[in-house]
Amino acid sequence: MNGRWSGWGSLALVAFQVAGCSLLPGGEPTLDSALRARQLMVPVAGVSPDQVPDNFRAPRSGARIHGAVDIPAPRGTPVLSADDGRVLRLQRNRKGGLTIYATDESEHFIYYYAHLDAYCHGLAKDTRLGRGQVIGSVGTTGDAHRREPHLHFQVMVRPSDGRWWSGDAIDPRPYFTSAGRAKGKRTTRAARRDARSC
């Protein structure tokens with residue numbers, strides 16, 4: 001089968017499941033309801049759900065789609081954990097620069113944060129995360145344009161084969177329920193001070 005059509009087939013299956021037409025028998029929660037239950041926070045301090053750009057389906061080379069949202073913010077703006085969970089991996093790579101792979105508490109979903117300027121001090125594999133916890137800061141590492149700092153944020157379904165970095169992507173915008181607000185911080189300015197010490 002053509003790889004291009006195979007990719008679209010996977011996306012169609014995810015769209016089918018996210019629309020609430022789950023293939024799960026016996027009244028088990030659908031993918032849509034499971035992700036809604038996570039009540040995702042926008043992972044950039046000071047950004048509300050309606051400010052997250054609609055760039056999930058932006059075209060990429062090779063007939064691919066972006067499969068993530070790019071959330072613009074000034075360099076150094078705190079990047080927040082979108083959900084409770086834990087860190088799976090910190091990685092530096094050519095495309096994403098400084099990146100974080102994390103999972104929710106149920107380990108059904110993978111959250112990928114990329115183009116970070118820095119990690120917070122002490123962040124490591126298996127670090128427990130709380131929604132709104134400052135985990136890094138917005139930057140332009142990797143292949144991001146140096147004059148356009150942003151957070152590349154991706155939500156994926158955790159595949160059963162254990163290859164958590166290769167799950168099917170889901171547009172996170174319908175699942176953001178709250179604006180980015182650093183845990184325990186009353187202002188974005190206070191969160192920025194924390195992010196500078198990351």
Side-chain angles (χ1 to χ4, degrees), residues 11 14-15 17-20 31-60 64-85 95-104 108-120 129-158 167-183 185-192 194-195 198:
L11 285 173
V14 169
Q17 290 175 321
V18 170
L31 186 62
D32 177 68
S33 65
L35 190 52
R36 280 196 195 288
R38 301 310 313 157
Q39 298 186 14
L40 300 183
M41 174 183 281
V42 175
V44 176
V47 177
S48 64
D50 63 336
Q51 293 174 310
V52 176
D54 180 4
N55 50 32
F56 180 83
R57 289 179 180 79
R60 292 295 186 262
R64 295 177 303 118
I65 64 166
H66 186 209
V69 291
D70 286 343
I71 306 171
R75 186 182 308 280
T77 300
V79 171
L80 313 172
S81 179
D83 193 2
D84 297 330
K95 284 187 159 190
L98 292 179
T99 68
I100 299 170
Y101 285 93
T103 187
D104 66 303
H108 287 133
F109 302 103
I110 303 296
Y111 307 125
Y112 176 65
Y113 308 80
H115 305 310
L116 302 176
D117 198 45
Y119 299 124
C120 269
L129 299 174
R131 181 181 291 102
Q133 178 179 336
V134 178
I135 57 176
S137 56
V138 170
T140 56
T141 58
D143 66 1
H145 191 288
R146 299 298 174 248
R147 293 185 179 168
E148 297 175 6
H150 66 277
L151 175 68
H152 172 99
F153 179 68
Q154 185 173 41
V155 175
M156 296 173 279
V157 178
R158 186 174 185 144
D168 289 321
I170 299 172
D171 186 348
R173 290 175 311 113
Y175 303 97
F176 288 135
T177 61
S178 59
R181 181 168 175 216
K183 196 173 188 177
K185 303 295 172 204
R186 295 170 62 188
T187 66
T188 299
R189 184 177 296 164
R192 277 195 187 165
D194 281 0
C198 289

Tell me, with the steps shown, if L31 and I170 meet side chain to side chain contact (heavy atoms under 4.5 Å, CB included). CA-CA 10 Å; L31 186 62; I170 299 172; 4.0 Å; yes
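- Across all non-hydrogen atoms, the minimal contact from A68 to F153 is CB-O, 3.3 Å.
- Rounding to the nearest 0.5 angstrom, the gap separating the CD1 atom in I71 from the CZ atom in R173 is 10.5 Å.
- Residues forming a salt bridge (Lys or Arg N to Asp or Glu O under 4.0 Å) with D104 (at least two apart in sequence, or on another chain): R38.
- Across V79 and V138, no two heavy atoms sit closer than the pair CG2-N, 3.6 Å.
- Atoms CG and NE2, on N55 and H150 in that order, are 8.5 Å from each other to the nearest 0.5 Å.
- Counting only heavy atoms from C-beta outward, the side chains of D32 and Y175 approach each other to under 4.5 Å.
- Crowding of R57 atom CZ: a count of heavy atoms from other residues, nucleotides or ligands under 6.0 Å not exceeding 12.
- Proximity of P72 to P53: side-chain heavy atoms (C-beta onward) are separated by under 4.5 Å at one or more points.
- Here the shortest heavy-atom pairing between H152 and D70 reads ND1-OD1, 3.2 Å.
- Formation of a donor-acceptor pair under 3.5 Å by the T99 side chain with backbone atoms of Y113 is not found in this model.
- Listed here is the closest heavy atom pair of F109 and T103: O-OG1, 2.8 Å.
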Full working for side chain to side chain contact (heavy atoms under 4.5 Å, CB included) between V52 and V47: CA-CA 7 Å; V52 176; V47 177; 4.2 Å; yes
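- Of the possible polar contacts, one joining the H115 side chain to the T141 backbone as a donor-acceptor pair under 3.5 Å is found.
- The nearest pair of heavy atoms linking G67 to Q154 is O-NE2, 2.9 Å.
- Side-chain N or O atoms of E148 include none that pairs as donor or acceptor with a backbone N or O of H145 at under 3.5 Å.
- L35 is listed as a side-chain neighbour of V155, based on a closest heavy-atom distance under 4.5 Å.
- Around NE2 of H108, the count of heavy atoms belonging to other residues, nucleotides or ligands within 6.0 Å does not exceed 12.
- Put simply, the side chain of R131 never gets that close to the backbone of L80: no donor and acceptor are under 3.5 Å apart.
- Here the shortest heavy-atom pairing between D117 and L98 reads O-CD1, 3.6 Å.
- One finds the CG atom of L116 at 6.5 Å from the CG atom of L151 (value rounded to the nearest 0.5 Å).
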Steps toward side chain to side chain contact (heavy atoms under 4.5 Å, CB included) verdict (D50, F176): CA-CA 9 Å; D50 63 336; F176 288 135; over 6 Å; no
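- No more than 12 heavy atoms of other residues, nucleotides or ligands lie within 6.0 Å of CZ in R147, so this atom counts as exposed by the packing criterion.
- In this structure, CE in M156 is found 5.5 Å from OH in Y101, a value given to the nearest 0.5 Å.
- Taking NZ of K183 as the start and OG of S81 as the end, the distance is 8.5 Å to the nearest 0.5 Å.
- Between D84 atom CG and M41 atom CE the span is 9.5 Å, to the nearest 0.5 Å.
- A 4.5 Å side-chain heavy-atom check between P172 and V69 finds at least one atom pair inside the cut-off.
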